[in-house]
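Take a look at the structure set out below.
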Amino acid sequence: MAGPLELNRAVPGGRVEMFAILDASYPGGWFYRFQYYHPEDGEILRYDNAHDDDTLGNHHRHVADGEDTALAFQSLVAHVSLFFTEIARIIEETPHD
């Protein structure tokens, strides 16, 4: 296996940091955390499977201005696509100066 998948990039409205590594002990076979945040204002969106939650299950979606929710996990590629689609929607809905 190669090493972990990592990304740290500036995007409109903040930064994206992503980390994923194959790990059969985690649900879906991956340990991952993806976050979109503003360096000064903090977290905007985060996906992770860091722990099993009694109400949310294994895969979680955290947002700064809303409730945490469960996420369905089909594959890492589908999860990354969903994450970037959600970031694009947030950027589109955020007023710009």
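These numbers were taken from a predicted model, which means no experiment stands behind them.
Nearest heavy atom pair, residue Phe84 against residue Leu7, reads CZ-CD2, 3.8 Å. Minimum heavy-atom separation, Ala20 to Phe34: CB-CE2, 4.4 Å. For the residue pair Pro39 and Gly14, the shortest heavy atom distance occurs at CD-CA, 4.3 Å.
In this structure, CG on Leu22 lies 3.5 Å from CH2 on Trp30, to the nearest 0.5 angstrom.
Atom CD of Gln74 has 12 or fewer heavy atoms from other residues, nucleotides or ligands within 6.0 Å.
Leu56 and Phe73 fall into different hydrophobic clusters, where Ile, Leu, Val, Met, Phe, Trp and Tyr side chains are chained together by heavy-atom contacts under 4.5 Å. Linking Ile, Leu, Val, Met, Phe, Trp and Tyr whenever their side-chain heavy atoms come within less than 4.5 Å puts Ile87 and Val63 in one cluster. Under a hydrophobic clustering in which Ile, Leu, Val, Met, Phe, Trp and Tyr are joined whenever their side-chain heavy atoms come within less than 4.5 Å, directly or via other members, Tyr37 and Leu82 fall into different clusters.
Residue pairs satisfying the salt bridge (Lys or Arg N to Asp or Glu O under 4.0 Å) criterion with at least one member in residues 30-39, sequence neighbours excluded, are absent. Among pairs with a residue in residues 62-86, those fulfilling salt bridge (Lys or Arg N to Asp or Glu O under 4.0 Å) read Arg61-Glu86, Glu86-Arg89, at least two apart in sequence or across chains. Sorted by first and then second residue, the pairs that involve residues 35-51 and meet salt bridge (Lys or Arg N to Asp or Glu O under 4.0 Å), not counting sequence neighbours, are Glu43-Arg46, Arg46-Asp48.
In this structure, the side chain to side chain contact (heavy atoms under 4.5 Å, CB included) partners of Glu6, at least two apart in sequence or on a different chain, are Pro4, Phe19. In terms of the ring-ring contact (aromatic ring centres under 6.0 Å, His included) criterion, residue partners of Tyr47 (sequence neighbours excluded) are, by chain and number, His79, Phe83. Under the rule for a ring-ring contact (aromatic ring centres under 6.0 Å, His included), the partners of His62 that lie at least two apart in sequence or sit in another chain are His60.
In this structure the side chain of Met18 never reaches within 4.5 angstrom of the side chain of Leu5, judged on heavy atoms.
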> Between Arg15 and Asn8, does a side-chain contact (heavy atoms from CB on, under 4.5 Å) hold up when you go through it step by step?
Replying inline: CA-CA 7 Å; Arg15 294 195 67 80; Asn8 186 332; 2.6 Å; yes
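Judged purely by atom type and a 3.5 angstrom limit, Thr85 uses its side chain to pair as donor or acceptor with the backbone of Ser81. Side-chain N or O atoms of Asn49 include one that pairs as donor or acceptor with a backbone N or O of Tyr32 at under 3.5 Å.
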